[in-house]
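Down below is the structure, laid out as structure tokens.
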Amino acid sequence: MTDDEALLAAYGRYLGIERGRSANTVRAYLGDARALLDHLNDAGCGSPGARLAGADLNALRGWLGALARGGASRATIARRSASVRTFYAWAVRTGRLGQDPSVRLLAARKGRDLPEILTPEQAEQALSAAAVAADDGDPAALRDLAMVELLYASGIRVGELAALDVDDVDLGARTATVLGKGARERIVPFGVPAERAIGDWLTRARPRLMNAASGPALFLGARGGRIDQRQVRTAVRTATARPDGAPSVAPHGLRHTAATHLLDGGADLRTVQELLGHKSLATTQLYTQVSVERLKETYARAHPRA
């Protein structure tokens with residue numbers, strides 16, 4: 001085992017055992033550390049120990065700069081900057097380094113791009129087209145209509161929708177009990193179109209797809225098991241691509257759309273926060289930016305002194 005491999009193996013054990021990071025996180029952090037070591041090696045910093053000890057703040061900034069010149073996004077650079085700080089903090093704590101040059105390493109803050117959303121007219125057209133596609137009673141089309149209606153009506157996440165069981169939906173009360181992030185349960189309302197679409201799916205289509213693998217799952221795939229999130233994404237993209245000029249949004253875009261339309265319609269932030277299952281109100285405030293941007297666009301088009 002080379003010195004690099006031994007160093008990274010020790011770091012990986014720390015991440016996985018002491019910090020309890022997931023396998024994917026450990027893999028990502030090790031990849032970042034390996035990329036940094038390769039960069040320092042190319043820069044002539046010497047052996048692994050010397051590389052870490054000899055790399056100053058400018059060397060680390062040079063690595064991030066090389067990433068930026070190579071086309072890495074701000075989000076990627078911010079993540080790698082945080083990853084390197086974790087790596088160096090571990091090296092200092094375990095006696096491999098005396099000083100940590102990464103404590104002052106800052107990357108450009110991740111930008112939060114405004115999400116693409118549908119206008120109310122485009123959403124209406126997409127749902128109408130999905131309803132027309134389900135007119136012949138095809139089970140998959142009835143299911144897709146019910147899923148898209150529920151996603152837009154409630155703003156729930158794609159994983160939350162896929163995890164729903166039949167008993168989680170109360171058609172009479174027009175509510176669904178959703179298990180969100182952090183195992184937090186919440187009840188979300190939906191409207192009459194979603195109620196009708198879900199009812200049609202349950203009575204006309206779900207029994208035709210059911211088999212021993214179905215269990216209590218609300219939405220089923222072609223083989224009768226619980227719906228896969230990829231199938232939900234395909235259904236949403238197909239539906240939202242139908243209106244002329246509309247962006248083909250993913251389920252998360254439909255979630256953004258629902259939240260924005262609620263705020264545009266007069267809902268307060270706290271209500272939208274509860275509906276979406278956000279732990280922090282700051283997350284919900286992203287949607288106010290969307291509304292303000294649309295307001296500014298309308299103002300610029302309409303006001304004579306804009």
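Nothing here was measured: the structure is a model prediction, and the numbers come from that model. Worth knowing before you read on, the calculation uses all heavy atoms, side chains too, and leaves out hydrogens, waters and symmetry mates.
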Go through it in stages, so that I can follow the logic: the residues are Arg226 and Asp165, the test is side-chain contact (heavy atoms from CB on, under 4.5 Å), and I'd like the CA-CA distance, side-chain angles, deciding distance and then a yes or no. CA-CA 9 Å; Arg226 186 178 296 274; Asp165 291 338; 2.6 Å; yes
Taking only Lys NZ, Arg NE, NH1 and NH2, and the carboxylate oxygens of Asp or Glu, determine whether Arg186 and Glu160 approach each other closer than 4.0 Å. yes
Close side-chain approach of Leu209 to Ser214, heavy-atom, < 4.5 Å: no
What I'd like to find out is whether the side chain of Leu15 reaches to under 4.5 Å of the side chain of Arg27, using heavy atoms alone. no
Is there a donor-acceptor contact under 3.5 Å from the side chain of His261 to the main chain of Leu118? yes
Quick one: does any side-chain atom of Thr240 pair with a main-chain N or O of Val236 as donor and acceptor, under 3.5 Å? yes
Closest non-hydrogen atoms of Asp100 and Ala89, given as atom of the first, atom of the second and distance, are OD2-N, 3.8 Å
If I take atom OG1 from residue Thr177 and atom CG from residue Asp170, how far apart are they, to the nearest 0.5 angstrom? 8.0 Å
Restricting to non-hydrogen atoms, name the atom on Ala126 and the atom on Pro243 that form the minimum distance, rounded to 0.1 Å. N-CG, 3.6 Å
Please check: side-chain N/O of Ser154 versus main-chain N/O of Leu150, any donor-acceptor pairing under 3.5 Å? yes
Looking at every heavy atom in both Ala258 and Leu151, which two are closest together, and how far apart are they? CB-O, 4.5 Å
Please check this pair: side chain of Asp168 against backbone of Val178, looking for a donor-acceptor N/O pair closer than 3.5 Å. no
Polar side-chain atom of Ser81 near backbone of Ile77 as donor-acceptor pair, under 3.5 Å: no
Looking at every heavy atom in both Ala250 and Arg237, which two are closest together, and how far apart are they? CB-NH2, 3.5 Å
Show the numbers, then the answer: is there a side-chain contact (heavy atoms from CB on, under 4.5 Å) between Leu37 and Leu8? CA-CA 10 Å; Leu37 292 175; Leu8 293 172; 4.1 Å; yes
Give the cluster check for Val166 versus Val232: same hydrophobic cluster or not, with ILVMFWY residues linked at side-chain heavy-atom distances below 4.5 Å. yes
Nearest non-hydrogen partners of Gln229 and Ala162, listed with the distance: CG-CB, 4.1 Å
Once rounded to the nearest 0.5 Å, what's the spacing between atom CZ of Arg233 and atom CG of Leu254? 13.0 Å
Could you check whether the rings of Phe87 and Trp90 sit parallel, tilted or perpendicular, using 30° and 60° as the cut-offs? parallel
Tell me whether Trp201 shares a hydrophobic cluster with Val132, the cluster being built from Ile, Leu, Val, Met, Phe, Trp, Tyr side chains joined at under 4.5 Å. no
Do Leu36 and Tyr88 come close enough that some side-chain heavy atom pair is under 4.5 Å? yes
Results of side-chain contact (heavy atoms from CB on, under 4.5 Å) for Arg80 - residues two or more places apart only: Asp32, Ala35, Trp63, Leu67, Thr76
Quick one: are Leu220 and Arg143 in side-chain contact, heavy atoms under 4.5 Å? no
Charged N-O contact under 4.0 Å between Arg270 and Asp268: no
Enter the distance from Ile117:CD1 to His252:NE2 here, rounded to the nearest 0.5 Å. 12.5 Å
Closest heavy-atom pair, Gln122 versus Ala246, reported as atoms and distance to 0.1 Å, is NE2-CA, 3.5 Å
Is there a side-chain contact between Leu202 and Leu171, using heavy atoms and a 4.5 Å cut-off? yes
If you group Ile, Leu, Val, Met, Phe, Trp and Tyr by side-chain heavy-atom gaps below 4.5 Å, do Ile227 and Leu179 land in one group? no
Interatomic distance, Leu145 atom CG to Asp200 atom CG [nearest 0.5 angstrom]: 8.0 Å
Sidechain N-carboxylate O distance under 4.0 Å for Asp138, Arg208: no
Please determine, by modelled atom types, if Asn24 and Ser22 share a side-chain donor-acceptor pair under 3.5 angstrom. no
Polar side-chain atom of Glu149 near backbone of Ala146 as donor-acceptor pair, under 3.5 Å: no
Within the 3.5 Å criterion, strictly below it, is a donor on Thr86 or Ser83 matched to an acceptor on the partner's side chain? no
Are Met147 and Leu142 connected in the hydrophobic side-chain network, where two residues link if heavy atoms are under 4.5 Å apart? no
Going through the checks in order, is the side chain to side chain donor-acceptor pair (under 3.5 Å) test met by Arg19 and Tyr14? CA-CA 6 Å; Arg19 294 290 296 273; Tyr14 159 74; 2.9 Å; yes
Please name the residue in the list Leu262, Thr257, Leu263, Asp264 that meets the side-chain contact (heavy atoms from CB on, under 4.5 Å) test with Thr260. Asp264
Report, as yes or no, whether the 6.0 Å neighbourhood of atom CG on Asn58 holds more than 12 heavy atoms from other residues, nucleotides or ligands. yes
Would you say CZ of Arg230 has more than 12 non-hydrogen atoms from neighbouring residues, nucleotides or ligands within 6.0 angstrom? no
So does Asp228 get a backbone contact from the side chain of Gln231, meaning a donor-acceptor N/O pair under 3.5 Å? yes
Kindly compute the distance separating CZ (Arg242) from CG (Asp244), expressed to the nearest 0.5 Å. 13.0 Å
Main-chain N/O of Gly180 paired with Arg157 side-chain donor or acceptor, under 3.5 Å: no
Flag side-chain contact, heavy atom, 4.5 Å: Ile156 against Leu164: yes
Hey, any chance Leu161 and Val249 share a hydrophobic cluster, counting ILVMFWY side chains that come within less than 4.5 Å of each other, even indirectly? yes
For Val169 and Leu218, what are the C-alpha separation, side-chain angles and deciding distance, and is it a side-chain contact (heavy atoms from CB on, under 4.5 Å)? CA-CA 8 Å; Val169 174; Leu218 174 61; 3.7 Å; yes
So, Arg255 side chain and Leu276 main chain: donor-acceptor pair closer than 3.5 Å or not? yes
Take Glu195 and Phe190 through the side-chain contact (heavy atoms from CB on, under 4.5 Å) test and state the conclusion after the steps. CA-CA 7 Å; Glu195 175 202 358; Phe190 51 82; 4.0 Å; yes
